[in-house]
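To start, the structure itself, in structure tokens.
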Amino acid sequence: MQIVLSDVGHRFDGGPWLFRGLNVELRSGRVYSLTGPSGTGKSTLLALLAQWLKPAEGIIVVPKFSRAGWVFQNPHGSPHRSARDHVALPYLAQGLSPREADRRADSMLDTFGLLPSADRPFRELSGGEAQRLMLARGLASSPDLFLVDEPTAQLDRKTATAVNAAISAIVATETIVVVATHDLDTRDACTDHLRLQAPESDA
Ligand SMILES: Nc1ncnc2c1ncn2[C@@H]1O[C@H](COP(=O)(O)OP(=O)(O)OP(=O)(O)O)[C@@H](O)[C@H]1O
């Protein structure tokens with residue numbers, strides 16, 4: 001899959017332009033960092049890619065039946081359900097048998113260093129484990145586009161390092177991954193880089 005942005009710019013309600021002139025092709029199998037000073041519109045661009053918003057100018061071409069998945073700053077899970085259940089659920093929803101769903105879930109948990117925590121309830125996971133679980137669960141849904149907003153913003157350095165290692169472990173050949181971040185280590189964990197900048201003038 002490919003998403004093409006041509007001369008994309010955005011501003012809210014006639015306000016100042018956040019960014020303009022964005023020309024990029026996003027491709028499956030790549031993990032894009034999205035960086036830029038605070039307020040340059042990183043979260044806004046994620047919302048544009050998810051088609052929650054329309055760009056104020058330019059065109060974003062997204063294949064018709066594409067599905068987007070999100071991971072936000074704060075991990076949300078079911079407190080009493082195990083880590084494995086969180087990841088198995090999307091596989092069950094795809095029609096796999098419970099046994100196969102668990103097998104696939106364990107393989108995904110292993111990718112993110114969470115296999116030892118597979119049986120632990122969500123409420124007992126640390127912040128970094130919970131965030132890695134969100135990445136594992138999100139990818140288990142096999143989205144065409146996977147949008148991750150500031151995954152390490154709430155984490156201490158050591159925990160952030162584990163999350164960044166998980167990001168660099170993402171191998172999703174069918175998925176475009178975009179990670180908005182201020183964390184230079186998160187940026188370095190990605191395969192490609194997008195940087196937003198405020199336009200020089202609002203002309
Ligand atoms: N729905 C909205 N209506 C009006 N203004 C908005 C809306 N959403 C965001 N903004 C403004 O657009 C600007 C860009 O916000 P956005 O959250 O996309 O930036 P960001 O680069 O992700 O920032 P940060 O790095 O601080 O998270 C901000 O000034 C914000 O207040």
Side-chain angles (χ1 to χ4, degrees), residues 2-27 30-62 66-77 126-128 130-135 137-139 143-168 170 172 175-203:
Q2 191 171 321
I3 295 179
V4 182
L5 290 82
S6 305
D7 282 325
V8 171
H10 197 70
R11 60 178 172 177
F12 288 99
D13 304 327
W17 290 97
L18 302 178
F19 54 86
R20 298 187 86 174
L22 203 56
N23 289 290
V24 216
E25 288 178 19
L26 305 176
R27 294 169 187 278
R30 311 299 299 175
V31 181
Y32 296 87
S33 70
L34 176 57
T35 57
S38 209
T40 40
K42 297 181 292 299
S43 301
T44 301
L45 181 56
L46 295 184
L48 290 168
L49 291 172
Q51 298 179 293
W52 289 357
L53 290 174
K54 273 177 88 77
E57 66 178 11
I59 297 171
I60 301 181
V61 179
V62 180
S66 62
R67 292 178 312 116
W70 281 83
V71 169
F72 299 100
Q73 267 183 35
N74 298 308
H76 284 288
S126 70
Q131 192 58 291
R132 281 182 281 153
L133 183 65
M134 296 299 100
L135 293 170
R137 180 177 68 175
L139 287 172
D144 300 301
L145 175 64
F146 190 41
L147 303 166
V148 184
D149 202 359
E150 305 266 7
T152 61
Q154 308 285 344
L155 306 177
D156 62 42
R157 222 40 254 160
K158 185 162 169 269
T159 314
T161 300
V163 171
N164 290 332
I167 287 169
S168 67
I170 292 175
T175 305
I176 296 169
V177 183
V178 184
V179 185
T181 187
H182 285 284
D183 181 337
L184 297 183
D185 293 332
T186 304
R187 185 198 63 189
D188 291 345
C190 298
T191 60
D192 294 79
H193 307 289
L194 303 173
R195 186 166 171 82
L196 289 184
Q197 252 171 337
E200 302 255 308
S201 83
D202 285 349

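Counting starts at 1 for both ligands and their atoms, in listed order.
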What pairs of donor and acceptor atoms, side-chain ones from residues 49-61 against any protein atom, are under 3.5 angstrom apart with sequence neighbours left out?
| residue | atom | partner | partner atom | Å |
| --- | --- | --- | --- | --- |
| Glu57 | OE1 | Arg20 | NH2 | 2.9 |
| Glu57 | OE2 | Arg20 | NE | 2.9 |
| Glu57 | OE2 | Arg20 | NH2 | 3.4 |

Can you pull out the closest protein heavy atom to [atom]? Residue, atom name and distance to 0.1 Å, please.
atom	result
atom 10 (N) of ligand 1	Phe12 CE1, 3.4 Å
atom 26 (O) of ligand 1	Ser38 OG, 2.4 Å
atom 27 (O) of ligand 1	Glu150 OE2, 3.8 Å
atom 29 (O) of ligand 1	Gly39 O, 4.6 Å
atom 13 (C) of ligand 1	Leu18 CD2, 3.6 Å
atom 18 (O) of ligand 1	Thr44 OG1, 2.6 Å
atom 17 (O) of ligand 1	Ser43 CB, 3.7 Å

Answer yes if the side chains of [X] and [Y] hold a donor-acceptor pair under 3.5 Å, and no otherwise.
X	Y	result
Asn23	Ser6	no
His193	Ser33	yes
Thr159	Asp156	yes
Gln2	Glu25	yes

Check ligand 1 against [X] and write out every atom of the ligand that is under 4.0 Å from a heavy-atom position of the residue.
X	answer
His182	24 (P), 25 (O)
Lys42	18 (O), 19 (O), 20 (P), 21 (O), 22 (O), 23 (O), 24 (P), 25 (O)
Thr40	21 (O)

Original post:
Mind checking whether His10 and Phe12 have parallel, tilted or perpendicular rings, split at 30° and 60°?
Top reply: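 Rings of His10 and Phe12: perpendicular, as their planes differ by over 60°.
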Original post:
Does an N or O from Gly41, backbone or side chain, lie closer than 3.5 Å to an N or O of ligand 1?
Top reply: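 So ligand 1 has an N or O lying under 3.5 Å from an N or O of Gly41.
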Original post:
So, Lys42 side chain and Val179 main chain: donor-acceptor pair closer than 3.5 Å or not?
Top reply: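 A pair under 3.5 Å: no.
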Subject >> Protein non-hydrogen atom below 4.0 angstrom of atom 31 (O) of ligand 1 present >> reply: no
**OP:** Output all residues satisfying side-chain hydrogen bond (donor to acceptor under 3.5 Å, both in side chains) with Asp185, sequence neighbours left out; order by chain, then residue number.
**Re:**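 Only Arg157 meet the side-chain hydrogen bond (donor to acceptor under 3.5 Å, both in side chains) criterion with Asp185.
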